[in-house]
Structure formats: structure tokens, C-alpha cells
Participant: 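First the structure, then my questions, so here it is.
Note on naming: letters A, B, ... go to the chains in the order of the sequence lines (proteins, then strands), and numbering restarts at 1 for each one. Both backbone and side-chain heavy atoms feed into the values below; hydrogens, waters and symmetry mates do not.
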Number of protein chains: 2
Amino acid sequence: MESVNIKKLAQLLNLSIATVSKALRDSYDISKETKEKVVALAKELNYQPNPHASSLRKHKSKTIAVIIPEIANNYFTLAINGIETVAQEKGYHVLIYITHEDYQKEVSLAKDLYNGRVDGLLISVSGATTDYTHLQQLQQMGLPIVFFDRVCEEFDTLKVTTDDYESSYLATQHLIEQGCKKVAHLAISGNLSIGNKRKRGYLQALADHQMPVSESLIVECTNDDEIDGELIREMFIREKPDGIFAAVERYAMASYEVCGLLNLQIPRDVKVISFSNLRIAAFLNPSLSTITQPAFDIGKEAASRLLNTLEKKNAPLTNENIIFKSSLIQRTSTAK
Amino acid sequence: MESVNIKKLAQLLNLSIATVSKALRDSYDISKETKEKVVALAKELNYQPNPHASSLRKHKSKTIAVIIPEIANNYFTLAINGIETVAQEKGYHVLIYITHEDYQKEVSLAKDLYNGRVDGLLISVSGATTDYTHLQQLQQMGLPIVFFDRVCEEFDTLKVTTDDYESSYLATQHLIEQGCKKVAHLAISGNLSIGNKRKRGYLQALADHQMPVSESLIVECTNDDEIDGELIREMFIREKPDGIFAAVERYAMASYEVCGLLNLQIPRDVKVISFSNLRIAAFLNPSLSTITQPAFDIGKEAASRLLNTLEKKNAPLTNENIIFKSSLIQRTSTAK
DNA sequence: ATGAAAGCGCTAACAC
DNA sequence: GTGTTAGCGCTTTCAT
């Protein structure tokens with residue numbers, strides 16, 4: 001990458017490096033003519049300041065990191081889209097890191113951010129994460145962190161989530177209202193707060209409607225599609241549920257598969273509802289009732305807040321919890 | 001971001017900065033004992049070298065940029081996954097940029113890479129891009145570029161694609177074999193090479209099978225779902241096709257929608273096949289026959305080649321074209 | 001085996 | 001209004 005630098009501009013214009021630098025930053029104490037000359041030449045030579053030099057000097061990189069557990073998932077895809085939109089608007093760069101639900105990877109990725117590589121971090125933690133010291137260290141070093149979706153409750157910072165408890169309650173209630181007598185839950189593995197909230201919403205709805213509650217109706221899924229399929233199949237055979245509330249889209253698809261294998265018809269024999277951001281849920285066979293999170297907006301909001309803090313336009317990140325509303329969209333999979 | 005730097009380590013150890021630096025890089029002319037002391041303290045204090053300083057000094061950032069036209073698309077999501085996997089393995093960082101099919105954005109994003117921000121670029125060009133000077137400039141400045149999927153044929157560098165012409169031919173032929181007499185094509189807008197290849201495959205298959213060929217059977221889609229829906233609807237009414245070959249997933253979904261509106265049954269009245277990387281194509285109603293690209297592997301290959309070049313393990317990027325094979329998966333939407 | 005010093009390209013305090 | 005200079009944290013040549 002051979003390219004023009006500020007020194008070359010200065011030489012060509014017979015000016016000092018400082019003057020050129022100031023002219024480019026539109027400083028008040030540079031004459032209009034000089035500024036114009038400088039800007040003109042910079043444009044002509046396609047001058048771009050060296051980002052490493054200026055990051056080093058200013059202790060600001062105009063870059064944020066996004067750490068997510070997976071990407072083959074519509075929620076995160078949409079969230080990234082929202083994040084990238086805001087970042088581009090404000091002239092920030094976005095580094096992306098995927099943990100594949102691996103705690104060790106999350107730790108080592110966090111280490112990479114220890115020394116000013118980025119100005120801020122947006123993270124949705126891995127399901128395997130129970131210890132947050134890697135993130136706490138980052139925060140102590142002064143790195144602003146915003147959690148989204150998969151948050152760490154105990155962490156003192158901004159968190160952007162959806163109303164997981166409430167929508168899980170409503171989803172479960174919806175199944176009951178549609179006539180289900182035995183509702184199973186396909187739960188997220190690990191002890192993610194999001195997983196707990198969804199499970200609690202489910203349990204509370206069952207309790208409030210005098211429905212059978214049993215641990216054996218809850219399948220703690222993994223990150224492996226095959227294992228999950230097997231666990232779900234076993235539960236179907238063992239419990240013969242007539243309603244399924246899936247905590248994530250992937251488990252709903254696994255249920256569709258299992259129903260196919262067991263010759264169960266949705267929604268006649270089993271009704272299914274799931275958290276999902278699939279745009280084509282309506283085209284599934286049968287079309288899938290979903291709880292849809294405003295993922296794009298969540299990404300936008302998380303990024304906006306972070307960038308505002310970085311630009312000091314706002315107070316530092318408070319221990320606030322911004323909660324977006326999900327929407328329950330009823331489709332054929334829960335029809336009476 | 002207050003943190004430990006090499007100077008502090010040197011002070012604490014009563015060594016010179018140079019020695020510490022060398023010890024950390026495991027240089028041959030540092031004694032074992034010194035190395036061990038340095039490494040131990042570095043670990044203890046969680047020392048991480050400042051990436052901007054070393055990038056500035058070494059003219060290497062260990063970072064690559066990925067520019068894609070959109071992300072709410074399974075192909076690109078999978079490709080990023082492949083790219084990120086390779087990058088993480090080799091200790092590289094991945095900056096992500098989305099053009100939203102906007103040429104101006106692509107140009108301005110390219111400008112951001114003019115001055116060493118990244119060591120290499122992976123790009124899938126926007127559909128609106130017809131002029132490649134912004135990329136040529138980057139290449140002239142010495143930035144290695146690898147194209148994937150949406151490539152620029154005339155560009156002298158490595159390109160990773162799929163057998164678009166062949167699979168389009170096969171997809172069209174498949175429709176004909178399934179009994180279609182009038183096959184329409186939902187084509188990608190603009191003059192992307194990928195769009196042309198898919199269209200040429202379609203046209204050749206029609207010609208080889210003595211099928212009606214007409215410009216009015218080809219819908220040049222846009223990037224706007226609503227407009228596309230309208231264009232497709234008009235074509236359906238005007239031409240009454242009994243076969244649809246969609247160049248991208250989004251257009252297939254639009255067709256499903258239009259068929260619903262016009263009370264046409266798939267596959268009885270119209271058969272549909274589409275390029276798609278949707279994992280749940282099998283669960284659509286009806287399940288969608290697809291041409292599926294090995295997107296993850298394409299991302300991996302593109303990234304591997306780029307990183308190998310950066311690490312000088314390979315010769316520089318040649319004007320090669322690596323072609324992956326797509327697979328045609330027959331499902332209900334093209335059943336007889 | 002260790003250290004001194006220059007310099008990557010830029011910014012900002014301070015002089016003139 | 002413009003220039004001089006120091007220094008961000010690191011690597012690397014050259015001396016010792």
C-alpha cells in the first residue's frame with residue numbers, strides 16, 4: 001500500500017506538515033486560500049490519512065467490535081445490518097467476531113481488544129459463558145460495552161433486549177388458548193438470561209392456566225442440530241405434547257422435522273410457535289406462528305447508544321435496560 | 001483504554017524497550033532467562049501490543065475488509081462465516097462493510113481503504129457497479145483483492161465463483177424435463193457477470209430444447225421487493241408461464257407470493273426453481289427446488305487464498321477463476 | 001546479549 | 001497564519 005501521505009502533500013505545496021494537517025481538519029487558523037489549495041491537492045492525489053497513525057496519536061480508532069455467538073441466524077444477521085447502518089452513518093468501522101458459542105474463543109477475542117484496537121464493543125454473549133471477567137477487564141480498562149440480546153444481567157452497563165419473559169408468556173398462553181393441553185418447551189442451553197426468561201415466561205403461563213408443569217416437558221437443547229433432533233424426538237415419543245414453544249427458530253425447524261418423521265400433523269396434532277426472525281416464516285409448511293423481535297432496530301439502537309457515548313454526546317453508558325417489544329404473529333402452525 | 005505498554009514492562013524489568021520488544025517476538029539474540037521474565041510479566045499484566053503502533057510501524061494491519069452488497073441473504077451470511085473462520089484461525093481481523101447495492105457507497109467505502117487500513121480485500125460487487133476504477137486504484141496501490149460470487153471479469157485478480165452458467169442451464173432444463181412449456185426467468189438487475197451467466201444458461205437451455213424464447217419472459221428485477229412483486233405479477237398475467245427460474249431466492253419468494261395472489265398452485269400450475277442457500281428450503285410450502293451454492297466453502301477459499309498471499313506463502317494473486325460446483329436439489333416445487 | 005536511537009504518519013501544544 | 005517540535009507505541013538497525 002504505497003500511498004500519499006501528509007508529508008508529500010506538504011512538500012508539493014511548500015507548506016509545513018502541521019499546516020497541511022490543520023488545513024485538512026479545517027482548523028480556524030488557516031487561511032481560506034491555503035485550505036483550498038491543500039484540499040484540492042489532497043483530492044487530486046486521493047489522499048487518505050493513515051488510520052493507524054491517527055489512531056495511535058489520538059487514542060481513538062473510529063472502530064467498534066461486534067462479538068456474536070453465531071451468524072447463520074436471522075436475528076444476528078438483521079442486528080448486524082442495523083449496527084452497520086449506524087456505524088456507516090457516523091463514519092465508524094465494524095470489526096466482526098464470531099464465537100461459535102465457544103467460551104474460550106470469546107475470551108481470546110476479548111483479549112484482542114485489550115489495547116485500543118476498538119473504541120467500543122457490542123456483544124451478545126455465547127451460551128457457554130458463565131464467567132465474565134474477560135469482559136469486566138475490558139470495561140475496567142475503559143472500553144465502553146453494550147450488550148444486546150444475550151446480555152449479562154449483573155454487568156453494569158447498557159443492555160438492549162426484548163421483552164422475552166412477556167412474549168414467552170404470551171406465546172405459551174396463545175398455545176393454551178388454541179386448545180393445547182400439554183405444552184412442551186424447547187429451551188436454550190446454558191444459563192443465558194434470555195433462556196431463563198423465556199423458560200420462566202413459559203412456566204408462569206402454564207401455572208396461571210392450571211396446566212401440567214413438568215421438567216420432562218422441557219428439552220434443554222444444545223448447539224448441535226443432530227443431538228437436538230434426537231432429544232426432541234425422544235420427548236415427543238415420551239410426552240406426546242400437543243403444543244410446542246420453541247425458544248429459537250432452529251428448534252422449531254427441528255420440530256417440523258420430527259413431526260414429519262413421527263407422522264404428526266401441524267397444527268392438527270401439534271401446534272408450534274417459536275421465536276424467529278425468518279422473513280419467510282409465512283411460506284413454511286405450515287406457515288409458522290412466531291414471536292418476532294425487531295432485530296434490525298435492536299442493532300441500530302445498541303450501536304447508536306454506543307457511538308453517542310463514544311462521541312461524548314451523551315452521558316456515559318448507564319446501567320439501563322432498553323427493552324424492545326416483540327410481536328406475536330399468528331399463522332397456521334397454531335391454528336385451531 | 002489505559003493499558004500496559006512495552007515501556008512499562010521495560011521499566012518494571014529494568015530492561016530497555018528494545019529488549020522487551022525482541023523478547024516478546026522471541027528473537028534469537030535474547031537470553032532464555034530474559035525472555036521468560038518478560039513473557040511472565042507480560043502475561044501477568046495482560047499486556048497486549050498496541051495494534052495501531054505496530055500496524056503503523058510494520059505497514060501491516062492483520063486486518064482484511066469484506067465488502068458485500070447485502071447481508072440479509074443466506075449466501076452472504078454463510079460466506080462471511082467461512083471468511084471469519086479462516087481469519088480467526090490465522091489471527092486476522094475482519095472489517096465488514098455493506099453497500100446495500102449502492103455504487104456510491106461502494107466507492108466511498110473503497111476510499112476508506114486507501115491508506116493501509118487493511119492488508120487485503122474480499123469483495124462481492126454491488127449490482128449497480130459498472131465502473132471499477134475505485135477498485136483498480138486500490139489494486140494499483142498494492143492492495144490484494146479477491147472477488148467472490150459477484151465478480152468483475154475484466155479485473156486481473158483471483159475470483160471465486162460457482163458454475164452459474166452450467167447450473168442455470170441445468171435448472172432450466174430440469175423445468176423443461178418436468179414438463180414446462182413456457183419457462184420464465186427472474187433475472188438479477190444490472191449487468192453483473194453472475195446475472196449474465198445465469199441468463200445465458202437459461203437462454204441456451206431454452207434454445208437447445210426448442211422452447212419459446214422471448215424477452216418478455218425475462219423479468220429484470222430490482223432491489224425493491226414491492227416493485228419486483230409487481231413486475232413479476234404483470235409477467236404472470238401477461239405470459240402465463242408454467243415454469244419459473246429465479247436467479248436469487250428473494251425472487252422465488254416473490255413468485256410464491258404472486259402465485260398465492262393469482263390462485264396458482266405450485267407445482268401444478270407453475271413449477272419454480274431458484275438459486276438459494278436457505279437451509280429451510282425443504283420446509284417451504286411447497287418445498288422449494290434449489291440450486292445451492294457452497295457458500296461457506298467459497299468464503300473459506302476466498303479468504304484462504306487472500307491470507308496465503310498476505311503471508312507470502314503463495315505467489316501473488318493470479319488472474320485465476322476458482323469455480324465451485326453448485327448442486328441442484330429437487331423438491332416439490334418442480335414435481336410433475 | 002542488551003541498549004540507543006530513528007522513524008512509521010499523524011496531531012497538538014506552543015512558538016513566531 | 002504558519003512552522004517547529006514532541007511524542008503516540010512499536011520495530012529494527014546498528015552500536016556496544
Side-chain angles (χ1 to χ4, degrees), chain A residues 1-39 41-42 45-63 112-119 141-142, chain B residues 1-39 41-42 45-63 112-119 141-142:
Chain A
M1 291 291 292
E2 283 293 315
S3 46
V4 200
N5 58 20
I6 217 171
K7 200 167 159 188
K8 197 170 204 166
L9 290 182
Q11 281 169 354
L12 291 170
L13 291 164
N14 259 319
L15 287 167
S16 77
I17 291 176
T19 307
V20 175
S21 175
K22 282 182 203 154
L24 290 170
R25 328 206 85 251
D26 203 24
S27 162
Y28 281 110
D29 47 41
I30 299 292
S31 74
K32 240 179 203 161
E33 298 140 32
T34 312
K35 270 187 200 167
E36 278 164 11
K37 270 196 295 184
V38 172
V39 170
L41 187 66
L45 301 185
N46 270 313
Y47 169 78
Q48 284 291 122
N50 181 310
H52 308 301
S54 90
S55 296
L56 176 58
R57 183 60 233 244
K58 299 201 288 189
H59 297 285
K60 291 235 136 96
S61 61
K62 278 273 190 178
T63 304
D112 260 336
L113 309 180
Y114 272 25
N115 224 318
R117 184 180 296 279
V118 296
D119 298 342
M141 288 168 162
Chain B
M1 290 291 290
E2 283 294 313
S3 46
V4 199
N5 58 20
I6 217 170
K7 199 167 158 188
K8 197 170 207 165
L9 290 182
Q11 281 171 354
L12 291 170
L13 290 165
N14 259 317
L15 286 168
S16 76
I17 291 176
T19 306
V20 175
S21 174
K22 281 180 204 157
L24 290 169
R25 328 206 85 250
D26 204 25
S27 163
Y28 280 109
D29 47 41
I30 299 291
S31 74
K32 241 179 202 160
E33 301 139 32
T34 311
K35 269 186 200 168
E36 280 164 11
K37 271 196 294 183
V38 172
V39 170
L41 187 67
L45 301 186
N46 270 314
Y47 169 76
Q48 283 292 120
N50 181 310
H52 308 301
S54 86
S55 296
L56 175 58
R57 182 59 232 245
K58 300 201 288 190
H59 298 284
K60 290 235 138 85
S61 61
K62 278 272 190 178
T63 304
D112 260 337
L113 309 179
Y114 272 24
N115 224 318
R117 183 180 297 277
V118 296
D119 298 341
M141 288 165 163

Participant: What is the 5' to 3' range of DNA chain C, first to last nucleotide, that sits under 4.0 Å from any heavy atom of chain B?
Facilitator: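 Endpoints of the contacted stretch of DNA chain C: dA1(C) to dG9(C).
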Participant: Could you list the residues that satisfy side chain to side chain donor-acceptor pair (under 3.5 Å) with Thr19(A), not counting sequence neighbours?
Facilitator: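 Checked Thr19(A) against side chain to side chain donor-acceptor pair (under 3.5 Å); matches are Ser16(A).
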Participant: What pairs with Ser55(B) under side chain to side chain donor-acceptor pair (under 3.5 Å), at least two apart in sequence or on another chain?
Facilitator: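 Expected list: none.
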Participant: Using salt bridge (Lys or Arg N to Asp or Glu O under 4.0 Å) as the criterion, list what pairs up with Lys37(B), not counting sequence neighbours.
Facilitator: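 Checked Lys37(B) against salt bridge (Lys or Arg N to Asp or Glu O under 4.0 Å); zero matches.
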Participant: Got a sec, which residues hit side chain to side chain donor-acceptor pair (under 3.5 Å) with Thr34(B), two or more places apart in sequence or on another chain?
Facilitator: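 For Thr34(B) the side chain to side chain donor-acceptor pair (under 3.5 Å) partners, ignoring immediate neighbours, are Ser31(B).
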Participant: Nearest whole angstrom, please: distance from the P of dC10(D) to the CG of Asn50(A).
Facilitator: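 The distance from CG of Asn50(A) to P of dC10(D) comes to 17 Å, rounded to the nearest Å.
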Participant: Which listed nucleotide (dT2(D), dT12(D), dC8(D)) is nearest to the side chain of Lys22(A)?
Facilitator: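 From the listed options, dT2(D) comes nearest.
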Participant: Which nucleotide wins on minimum distance to the side chain of Thr19(A), given the candidates dT13(D), dG3(D), dG9(D)?
Facilitator: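 Out of dT13(D), dG3(D), dG9(D), the nucleotide with an atom closest to Thr19(A)'s side chain is dG3(D).
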Participant: For Lys22(A), check side chain to side chain donor-acceptor pair (under 3.5 Å) against everything at least two apart and list the hits.
Facilitator: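 With sequence neighbours excluded, Lys22(A) shows a side chain to side chain donor-acceptor pair (under 3.5 Å) to no residue whatsoever.
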Participant: Please tell me if Ser31(A) has a side-chain N or O lying less than 4.0 Å from either OP1 or OP2 of dT2(D).
Facilitator: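 Yes, because at least one side-chain N or O of Ser31(A) sits under 4.0 Å from OP1 or OP2 of dT2(D).
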Participant: Can you tell me if the side-chain N/O atoms of Tyr47(B) get under 4.0 Å from OP1 or OP2 in dC10(D)?
Facilitator: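 For dC10(D), OP1 or OP2 has a side-chain N or O of Tyr47(B) closer than 4.0 Å.
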Participant: Tell me: CD1 of Ile17(A) to C1' of dC8(D), nearest whole Å?
Facilitator: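 Rounded to whole Å, this separation is 16 Å.
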